[in-house]
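When a ligand or atom number is given, it counts from 1 through the structure's own listing order. Count residues from 1 along the sequence.
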Amino acid sequence: MTTTTTVMKTKESVITTLLAILLSSLNYSAGQLSADVVNVNQLVIIANNPGPVISKDIYGHFSEHLGTCIYGGIWVGTGSKIPNTYGIRNDVLFALREIKVPNLRWPGGCFADTYHWRDGIGPQSRRASIVNIHWGGVTEDNSFGTHEFMKLTELLGCDAYINGNLGSGTVQEMAEWVEYLTSDSDSPVTRLRKENGKETPWKVRYWAIGNENWGCGGNMTDQYYAGIMRQYSTYLNNYGGNNLYKVACGPYGDKFEWTETLMKDQSTRNMFQGLSIHYYSVVDGWDVKGSATKFDEREWFETFRLNYDIDRIIKGHKDIMDRYDPAKTKGLVVDEWGNWFIVEPGTNPGFLYQQNTLRDAITAAIHLNIFNQHADRVKVANLAQMVNVLQAVILTKDDKMVLTPTYHVFKMFREHQEARLLRTDLRCEDYRYGNSKIPAISASASVNREGVILVTLANLNPSKDIVLTIPVIGASVKSVTGQVLTSDQMNAHNTFEKPEVIKPAVFKSFRVKDGTITVTMPSKSVVALEIK
Ligand code: AHR
């Protein structure tokens, strides 16, 4: 039996939860209690004292100049036969609007620290070509640059998250990019923007000061990066009404010393609003990885064991941040996360093209539930990556497009955006494999401005349906509707030939009695319940 409780800070809230657990236990007769406590799966929801707002930006995405994420996947150019708007393919655009993309990170990744923004502006025919040294050594013609990216964010109705080049660029270059984008003053740089067809400045919310500067972004030490980041940040101005949310490069996974270095000194802390971390789930390590579609139960289990580790990692960074920033003015920005498998057979190893199965859907549910639960500190997160790369929400091939199981999870979870986290207490059975065990259920709950409660759940067990009771304390349960994403096969996935093998269905396997919902979750499933 595993117990997880959403972290609470006040004494009053601790008492409320204990009371709620006690109350819900009283639903069982004395004789039942001792036996059932071992078997019962229960998610208590405290609905009358909502916690922090779940930042919509936890549901962010990432588009790098890598493989066919941008070229082919998003950008086809205005001359393409594929229906497009200003060169951006319509099918992908319309699908992305459905999941309410809140922010989009660009142009990398490792690519960002080799990117020189002036290569990607001005008439297409005069743009410089470069070689994409990190990703397949292909020639990049820069036909997708600043104006095209900003147009994409406009069409999606999302915030831009631009990753500046600290690794191989200059302070002046990054400072002028911010000026080009956001300044309304008259200067050579803003005149250049106007010559390129944009009279008024854009708004840019998120700005990363380098990417993975401990690795592909310059192989720096934490102290060296802290110093150089301070220098860059000094010159990244807030022009007019544009206030940058500056994101300092943080470490990979649980390399907590880097976070300590950036957080401990107030004058360093003052230079950023967010601290990034990256974490990928890589089955059997970077030298092996596993296949995205051909896997057994060991790899299924191992994937989720690795996914759950994001909770420990976030807690570790939070502890450090809480020590130096108890008022929580700095956000944790998990701007790369997801499963990383070996590429599909026959594809360019540098393009990181992988299929996406029901396993990835459960991975997404585990991560998004954990991010929700850490809404007090996690303010931004970006799935890697949006189209055709790693754990993508969309795959394309010429004029065809498929929505992946991960896409469907983002859609099922989208109403968590800007809702308030509800305190929950989850007691559930373990999912065991060999000598290891992990919680069989992942869950989170929120309430939106209209009072609608969204509960999102995943049953990780591939061969066992699980009955979960959900007492809702402090709100009446008048109606419940549900959606489920599941399949008979652990590796169910959509292909260009069969694009709807796995998609959400209406879920009715629950009953409601006296404010308690009893749900039968199918094995290997993601379930979303809307409670009114
Ligand atoms: O997402 C792929 C790569 O993974 C990114 O370019 C880099 O930041 C990370 O190592």
Side-chain angles (χ1 to χ4, degrees), residues 60-71 73-74 103-116 130-138 140 144 149 161-169 206-220 225 229 247-255 258 274-283 285-287 289 292 306-307 310 313 332-344 347-356 360 363-364 367 380-395 404 406:
H61 291 265
F62 171 34
S63 56
E64 181 164 11
H65 288 237
L66 194 177
T68 54
C69 181
I70 299 285
Y71 296 106
I74 295 170
N103 74 79
L104 183 57
R105 179 170 180 249
W106 174 83
C110 293
F111 180 80
D113 271 307
T114 61
Y115 184 65
H116 300 285
I130 57 160
V131 173
N132 190 333
I133 53 160
H134 287 294
W135 306 118
V138 293
E140 153 74 56
F144 188 91
F149 173 69
Y161 178 4
I162 295 187
N163 203 119
N165 175 353
L166 177 139
S168 70
Y206 295 107
W207 194 279
I209 311 173
N211 169 74
E212 295 194 353
N213 300 98
W214 38 264
C216 65
N219 284 307
M220 300 171 187
Y225 172 75
M229 180 276 296
V247 180
C249 167
Y252 184 85
D254 61 3
K255 303 276 183 278
W258 184 290
L275 180 68
S276 139
I277 59 165
H278 290 177
Y279 173 67
Y280 289 98
S281 301
V282 189
V283 174
W286 291 101
D287 292 341
K289 304 191 195 89
L306 292 165
N307 295 164
I310 189 70
I313 290 166
L332 192 60
V333 175
V334 190
D335 54 9
E336 289 186 31
W337 66 268
N339 290 334
W340 189 317
F341 299 117
I342 43 178
V343 298
E344 288 303 304
T347 64
N348 186 329
F351 281 14
L352 310 186
Y353 178 81
Q354 66 190 42
Q355 249 295 356
N356 195 291
D360 295 280
T363 288
H367 280 81
V380 183
N382 301 79
L383 172 70
Q385 297 194 7
M386 193 159 77
V387 185
N388 291 336
V389 170
L390 299 176
Q391 194 182 334
V393 290
I394 289 176
L395 301 176
T404 67
T406 299

Between [X] and ligand 1, find which residue part has any heavy-atom pair under 4.0 Å and reply side chain, backbone, both or neither.
X: Phe62; value: side chain
X: Trp337; value: neither
X: Val389; value: neither
X: Trp135; value: side chain

Exercise for the section: Measure the CG-CG distance between Asn219 and Asn213 for me, rounded to the nearest 0.5 Å. Expected result: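 Between atom CG of Asn219 and atom CG of Asn213 there are 9.5 Å.
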*Begin from the C-alpha positions of Ser276 and Asp335 and carry the test side-chain hydrogen bond (donor to acceptor under 3.5 Å, both in side chains) through to its verdict.*
CA-CA 6 Å; Ser276 139; Asp335 54 9; 3.0 Å; yes
Parallel, tilted or perpendicular: ring planes of His65 versus Phe111, cut at 30 and 60 degrees: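 Aromatic pair His65/Phe111 classed parallel.
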Look at the aromatic rings of Tyr252 and Tyr279 and report parallel, tilted or perpendicular, splitting at 30° and 60°.
->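 Tyr252 and Tyr279: tilted rings.
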With a cut-off of 4.0 Å, which atoms of ligand 1 are near a heavy atom of [X]?
X: Glu64; value: 1 (O), 2 (C), 5 (C), 6 (O)
X: Gly109; value: 5 (C), 6 (O), 8 (O)
X: Cys110; value: 5 (C), 6 (O), 7 (C), 8 (O)
X: Asn211; value: 8 (O)
X: Gln385; value: 1 (O), 2 (C)
X: Leu390; value: 1 (O), 2 (C)

Q) Does any non-hydrogen side-chain atom of Trp258 lie less than 4.5 Å from one of Ile277? A)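 They are not in contact (no side-chain heavy atoms under 4.5 Å apart), so the answer is no.
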Taking the side chain as every heavy atom from C-beta outward, state whether Glu212 and Asp113 have any atom pair closer than 4.5 Å.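 No, every pair of side-chain atoms sits at 4.5 Å or beyond.
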Next item on the list: Check step by step if side-chain contact (heavy atoms from CB on, under 4.5 Å) holds for Val389 and Phe62.
Entry: CA-CA 10 Å; Val389 170; Phe62 171 34; over 6 Å; no
Polar contact flag for Trp340 and ligand 1 (N/O pairs, less than 3.5 Å) |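 No.
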>> If only side-chain N and O atoms count, and only distance matters, is there a donor-acceptor pair under 3.5 Å linking Thr406 with Asp360?
In response: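 Side-chain D/A pair, Asp360 to Thr406: absent.
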Quick one: look up the protein heavy atom nearest [atom] and list residue, atom name and how far away it is.
atom: atom 1 (O) of ligand 1; value: Tyr280 OH, 2.8 Å
atom: atom 10 (O) of ligand 1; value: Glu212 OE1, 2.8 Å
atom: atom 7 (C) of ligand 1; value: Glu336 OE1, 3.4 Å

- prompt: Is Lys289 atom NZ crowded by more than 12 heavy atoms from other residues, nucleotides or ligands, each under 6.0 Å away?
  reply: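 Yes, because the 6.0 Å sphere around NZ of Lys289 holds more than 12 heavy atoms from other groups.
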